[in-house]
Amino acid sequence: MTRLNLRGFEIHKGFLSPERQRALVQVLRPVLQAAPLFSPDVPGGGQMSVRMTAAGGYGWFSDKSGYRYIDAHPSGRAWPAIPAEVLGIWETLSGSDRAPECCLFNYYGEGAKMGLHQDKDEADFSYPVVSISLGDDGLLRIGGTSRREKTESIWLNSGDVVVMGGEARLAYHGVDRIRFKSSRLLPKGGRVNLTLRVVT
DNA sequence: AAGTAACC
DNA sequence: CAGG
């Protein structure tokens, strides 16, 4: 376990043991059953290559009209509860007095990526975003609070946890690519990223 | 606008 | 051609 700081991003390499990673995969199965993955449309046309769902009171959503949090899966069913094992990671690393209201579940299949963006659909940026990587390696790109600022990249591996707080809370970030089937955690391959947020 | 593509 |  080593901790790195890259432009305010607190990166806990190897935070989750392989056993803890496997336990997380197990508790996430019923979440996916209750709330199947979908690929949101984005304003201006186009569709994300990442497939996503969520747990908690709110899930992030996007369509032609914009980005927002919604209180139920697009199917109309309530989002499932955030598993206790996930809440425990937030409690250890967030330094927050509030529980997360959203556990966004992003699945990167072969070739999936996510463009540079800010997490700014939440009401209070004083709470950090905690990001958990499981499965295949992903290349995280980190910038500043303006699109013009230089960026730098770091490979995230299964079990790494990143805390985006303080100056990093509104920093641009994205995932340029994954190394498909670089990990054996997920039998079908791919990368799962969980992000915990206080929304309201 | 978390999309793509053009362009440098 | 890869990266920004």
Side-chain angles (χ1 to χ4, degrees), chain A residues 6-9 11 28 31-32 35-75 79 82 86 100-125 127-156 160-165 167-180 182 190-200:
Chain A
L6 196 58
R7 300 177 59 159
F9 285 62
I11 303 170
L28 290 170
V31 169
L32 288 172
L37 296 169
F38 57 91
S39 287
D41 293 328
V42 292
Q47 189 175 35
M48 298 181 70
S49 56
V50 171
R51 297 200 292 152
M52 60 177 63
T53 188
Y58 298 90
W60 188 84
F61 184 74
S62 163
D63 61 15
K64 285 173 208 161
S65 356
Y67 303 156
R68 60 200 177 274
Y69 283 93
I70 56 178
D71 62 9
H73 185 272
S75 66
W79 299 110
I82 302 176
V86 178
E101 298 168 302
C102 171
C103 173
L104 187 63
F105 183 119
N106 286 330
Y107 175 74
Y108 294 75
E110 191 167 16
K113 53 197 183 332
M114 190 178 289
L116 218 52
H117 68 280
Q118 293 172 296
D119 289 7
K120 57 174 184 183
D121 300 310
E122 303 76 29
D124 188 342
F125 303 132
Y127 295 97
V129 172
V130 173
S131 159
I132 302 162
S133 294
L134 295 169
D136 290 341
D137 304 339
L139 184 60
L140 173 70
R141 184 195 290 266
I142 291 173
T145 53
S146 134
R147 280 210 185 260
R148 306 193 173 280
E149 289 177 55
K150 287 177 200 164
T151 62
E152 49 194 308
S153 299
I154 182 169
W155 280 99
L156 296 179
D160 293 352
V161 180
V162 181
V163 180
M164 289 168 275
E167 55 171 310
R169 178 60 182 78
L170 287 171
Y172 278 90
H173 59 282
V175 175
D176 286 344
R177 57 181 188 266
I178 70 159
R179 285 199 279 239
F180 191 65
S182 52
R191 171 174 187 262
V192 168
N193 183 66
L194 305 175
T195 48
L196 296 163
R197 305 115 182 269
V198 171
V199 173
T200 61

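Residue numbers start from 1 in every chain, and the chains themselves are labelled A, B, ... in the order their sequence lines are given, proteins ahead of strands. What you see is a predicted model, and the numbers here were worked out from it, not measured in a lab.
- At least one side-chain heavy atom of A/K120 sits less than 4.5 Å from a side-chain heavy atom of A/F125.
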Checklist line | Nucleotide-resolved protein contact map, nucleotides 1-8 of chain B, B/S/- at heavy-atom distance under 4.0 Å | finding: BBSS----
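- In this structure, A/W79 and A/P74 approach most closely via the heavy-atom pair CH2-CD, 4.1 Å.
- Comment: A/R191 does not engage A/E110 in a salt bridge, judged by the lack of any side-chain N to carboxylate O separation of less than 4.0 angstrom.
- Remark: B/dA1 base-pairs with no nucleotide; criterion is Watson-Crick or G-U wobble with both hydrogen-bond distances under 3.5 Å.
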Note to self: Let's test your reading of the pairing rules: Watson-Crick or G-U wobble, both distances under 3.5 Å, then write DNA chain C as a dot-bracket string with ( ), [ ], | and dots.
What the structure shows: ..||
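- For A/R7 and A/E152, the salt-bridge test passes: some basic side-chain N is under 4.0 Å from an acidic carboxylate O.
- Judged purely by atom type and a 3.5 angstrom limit, A/W155 has no side-chain atom pairing as donor or acceptor with the backbone of A/I178.
- Proximity of a side-chain donor or acceptor of A/S131 to a complementary backbone N or O of A/T195 within less than 3.5 Å is not detected.
- The stretch residues 127-139 of chain A has no heavy atom under 4.0 Å from DNA chain B, so no residue of it qualifies as close.
- Of the charged side-chain nitrogens involved, at least one lies within less than 4.0 Å of a carboxylate oxygen, so that A/D63 and A/R68 count as a salt-bridged pair.
- A donor-acceptor contact shorter than 3.5 Å links the side chain of A/Q118 to the backbone of A/L170.
- Using a 4.0 Å cut-off between charged nitrogen and carboxylate oxygen, A/R141 and A/D176 count as a salt-bridge pair.
- Within 4.0 Å (heavy atoms only), A/R141 reaches sugar-phosphate atoms of the nucleic acid but no base atom.
- The backbone N or O of A/D137 sits less than 3.5 Å from a side-chain atom of A/S182, completing a donor-acceptor pair.
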